[in-house]
Amino acid sequence: CEIYMGSFKTKSIDVLINNAAILEDSPLVSLTKEGFVKHDVLLWKKIIDTNLSSVFYVTSSVVEKMLMKRTKGLIINISSISAEGNPGQTAYSASKAGVNALTKTWSKELVGLGIRVAGISPGFTRTKMIMSEKRNNLVNEWERKIPLKRLAEPSEIADAILFVIK
């Protein structure tokens with residue numbers, strides 16, 4: 001089985017990094033001038049499918065390839081501190097809590113097969129998703145609450161990933 005990754009061909013996968021995510025703020029219910037507005041079911045599905053289900057689907061396929069090729073490997077799941085619950089992020093927090101549960105479960109299930117599973121749960125990071133116009137006021141508030149008084153940089157998250165790989 002040959003796997004195509006971008007423009008090159010590989011015979012096996014040694015490391016999988018699950019890092020896909022979308023964030024669209026939406027509390028369970030909101031009170032507007034028109035009355036109560038519930039969290040949109042289609043938005044819930046979109047976020048859960050992207051942030052959680054994709055981790056399951058990709059990982060199950062990659063683990064199958066690892067086992068077929070007898071590859072000892074590493075799976076790194078990127079979660080978020082929001083997995084502990086963040087107001088206004090019903091679906092996002094739930095999806096990241098699910099990623100944490102998968103990480104813990106798979107680390108116990110796959111270790112005997114030579115596959116390590118690790119998780120990284122960054123705080124707020126200076127990405128396009130976080131720095132969008134609609135979050136400008138929130139970013140300032142978040143920065144005040146962070147002990148370092150700044151957002152993480154993507155390169156710092158990359159350094160953490162490289163640390164786990166080594």
Side-chain angles (χ1 to χ4, degrees), residues 5-6 13 15-65 74-110 115-161 163-164:
M5 308 288 285
I13 298 174
V15 177
L16 167 64
I17 302 168
N18 287 306
N19 189 38
I22 55 172
L23 169 61
E24 293 188 39
D25 295 339
S26 182
L28 178 63
V29 293
S30 301
L31 182 57
T32 67
K33 292 177 184 176
E34 293 79 31
F36 284 104
V37 176
K38 293 189 325 184
H39 192 295
D40 182 83
V41 174
L42 292 177
L43 178 60
W44 168 269
K45 182 171 176 21
K46 176 182 166 184
I47 292 171
I48 296 296
D49 284 350
T50 301
N51 299 1
L52 178 60
S53 297
S54 67
V55 173
F56 171 80
Y57 297 134
V58 171
T59 303
S60 63
S61 293
V62 168
V63 166
E64 178 184 25
K65 302 292 185 230
L74 169 62
I75 297 162
I76 301 173
N77 294 327
I78 308 300
S79 182
S80 169
I81 61 167
S82 293
E84 296 297 317
N86 203 21
Q89 296 179 349
T90 293
Y92 183 79
S93 292
S95 70
K96 292 304 183 175
V99 169
N100 288 350
L102 292 177
T103 302
K104 291 173 187 173
T105 301
W106 293 340
S107 70
K108 296 170 186 172
E109 289 180 357
L110 300 176
I115 301 170
R116 234 175 7 117
V117 181
I120 298 174
S121 295
F124 297 108
T125 305
R126 191 173 302 285
T127 62
K128 286 182 185 178
M129 185 169 71
I130 293 298
M131 300 306 292
S132 71
E133 285 293 318
K134 64 184 174 183
R135 290 192 183 86
N136 276 345
N137 293 335
L138 286 175
V139 170
N140 292 332
E141 181 182 328
W142 293 335
E143 285 180 323
R144 282 193 303 278
K145 293 178 182 178
I146 296 169
L148 290 176
K149 304 296 181 208
R150 67 174 182 81
L151 301 181
E153 294 296 331
S155 63
E156 293 169 316
I157 309 308
D159 288 342
I161 291 168
F163 177 81
V164 173

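Quick note: residue numbers are just sequence positions, from 1.
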- Message: Checking S53 now: which residues fulfil side-chain contact (heavy atoms from CB on, under 4.5 Å) with it, not counting sequence neighbours?
- Response: I48, D49, Y57
- Can you list the residues that meet the side-chain contact (heavy atoms from CB on, under 4.5 Å) rule with K104, with sequence neighbours excluded? none
- Query: Hey, what do you get for CH2 (W44) to OG (S26), rounding to the nearest 0.5 Å?
  - Reply: 10.5 Å
- When rounded to the nearest 0.5 Å, the distance separating CG of L23 from OG of S82 is 7.5 Å
- Query: In chain order, what residues pass the side-chain contact (heavy atoms from CB on, under 4.5 Å) check against E109, with sequence neighbours excluded?
  - Reply: T105, W106
- Could you tell me which residues satisfy side-chain hydrogen bond (donor to acceptor under 3.5 Å, both in side chains) with T50, sequence neighbours excluded, listed by chain and number? none
- How many angstroms lie between CG in L110 and CG in L74, if you round to the nearest 0.5 Å? 11.0 Å
- Note on the structure: Nearest heavy-atom approach of E153 to E156 is N-OE1, 2.7 Å
- Item | Set of side-chain hydrogen bond (donor to acceptor under 3.5 Å, both in side chains) partners for N86, sequence neighbours left out | Q89
- The side-chain hydrogen bond (donor to acceptor under 3.5 Å, both in side chains) partners of K46 (sequence neighbours excluded) come to E24
- Query: Can you check whether T90 reaches I47 side chain to side chain, under 4.5 Å on heavy atoms?
  - Reply: no
- Message: According to salt bridge (Lys or Arg N to Asp or Glu O under 4.0 Å), who are the partners of E84, at least two apart in sequence or on a separate chain?
- Response: none
- Might you work through the side chain to side chain contact (heavy atoms under 4.5 Å, CB included) test for L102 and L52, ending with a clear yes or no? CA-CA 9 Å; L102 292 177; L52 178 60; 3.6 Å; yes
- Task: Go through the structure and list residues passing side-chain contact (heavy atoms from CB on, under 4.5 Å) with A83, not counting sequence neighbours.
- Result: S79, K96, A97, N100
- Message: For a quick test of reading the model, state the closest non-hydrogen atom pair linking V164 to A118 and the distance between them.
- Response: CG1-CB, 3.7 Å
- Item | Partner residues of T103 under the side-chain hydrogen bond (donor to acceptor under 3.5 Å, both in side chains) criterion, sequence neighbours left out | N77
- Would you say the side chains of N18 and T59 form a donor-acceptor pair under 3.5 Å? yes
- Working to the nearest 0.5 Å, report the span between CD1 of I120 and CD1 of I78. 4.5 Å
- Rounded distance [0.5 Å steps], CD1 in I115 versus OG in S107: 12.0 Å
